[in-house]
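As structure tokens, the structure follows; a few thoughts come after it.
Just follow the structure's listing: the first ligand is 1, and inside any ligand the first atom is 1.
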Amino acid sequence: MLVREMIKTGESRLLKAHCMDPWLDAELLYYYLTGTDRVGLFLQAKQPVDEDLQKAYFDLISQREKRIPLQHITGTQEFMGLTFQVNPDVLIPRQDTEILVEEAARMIRGDNPSVRQRRTWKVLDLCCGSGAIGISLARVCENLKVSASDYSAKALETAKINAEKNHVKPRFYQGDLYAAVGKRRYDMIASNPPYIRSHMIPILQDEVKLHEPMMALDGGEDGLDFYRRIIKEAPEHLRSRGVLILEIGHDQAEDVSGLIRQTGAFTKVHIVKDLAGHDRVVYASALY
Ligand code: GLN
């Protein structure tokens, strides 16, 4: 069997298993296994594969056929140009979340006139999961001290590994939302909380609903359970004119903005769209 025939076979097996990107995944698993890249594959395409490699490759294909996420097979996901270790204890960082990080980074650098400028920022990544938000912010901005908290002790273990791998030193706290940080206050609270409506969980892709932590996805009946709690208590954990910045589902901007307004404790609510043109991030500054 030639390399390209092997990959073609992998692709058709993934297609039959209803994977979203069979062609891409079949190639990516080959790169992962052999440490090669596109150019390497181009050069190797017509070479015969030995039996060991074939066995190892189809073993990976069998895992992916079971709809195990590609990132759980390779153990990593790129986010903001950094590599994050992932496993079933943490949500795999999504590209959508880079919108939140970029928006927050603009504020921290002083490029957003609607928020108060500060020399240094104390930032809390609330519900940090893999640590993607806090760790990447710490890497793209120099003037911040980052803390990260999560309810899941196992998620925090992964976040700690990711911090170390990416050479940042956040403070970590375990606990139920703000209970984790006691009475501490921050210049910015950033969060990508669970926001999927419970009744929508069954229609998610198998990769997500069977292999990713439900705890990081399920936002309760209307998807807003965590926003209610995060927003209500945010004023007690923000410093003067501090910023609350949240990732939201594409149809949640109105509800989440409404919750922020209801507190009477914030200035105007801003909505930021993702690259697909969907509402993805909301932020507001504390009034006092
Ligand atoms: N964006 C994720 C998804 O659609 C959900 C993330 C979350 O609930 N915070 O799978």
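Looking only at heavy atoms of the protein, atom 4 (O) of ligand 1 is closest to I196 CD1, 4.0 Å. Atom 1 (N) of ligand 1 has as its closest protein heavy atom Y195 OH, 3.0 Å.
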Exercise for review: Could you go through the side-chain hydrogen bond (donor to acceptor under 3.5 Å, both in side chains) check for T83 and E78 one step at a time?
Suggested key: CA-CA 5 Å; T83 302; E78 299 292 309; 2.9 Å; yes
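Among residues at least two apart or in separate chains, salt bridge (charged side-chain N to carboxylate O under 4.0 Å, His left out) pairs with a member in residues 15-35 are D25-R64.
Using a 4.0 Å heavy-atom cutoff, G219 is absent from the residues neighbouring ligand 1. Put simply, no part of D96 is less than 4.0 Å from ligand 1, judged by heavy atoms.
Side-chain atoms of T267 and R241 form no donor-acceptor pair, as typed in the model, at a separation below 3.5 Å. A side-chain N or O of Y173 and one of R171 form a donor-acceptor pair less than 3.5 Å apart.
Separating the CE atom in M6 from the CD1 atom in I61 is a distance of 8.5 Å, to the nearest 0.5 Å.
Contacts between R94 and ligand 1 below 4.0 angstrom, taking non-hydrogen atoms only, involve the side chain exclusively.
Residues R197 and D251 are paired through a salt bridge, judged by an N-O separation under 4.0 Å between the basic side chain and the carboxylate.
Every atom of ligand 1 with a heavy atom of N192 under 4.0 Å away is listed here by number and element: 7 (C), 9 (N).
Comparing heavy-atom distances from atom 9 (N) of ligand 1 across G223, P194, P193, A216 singles out P193 as nearest.
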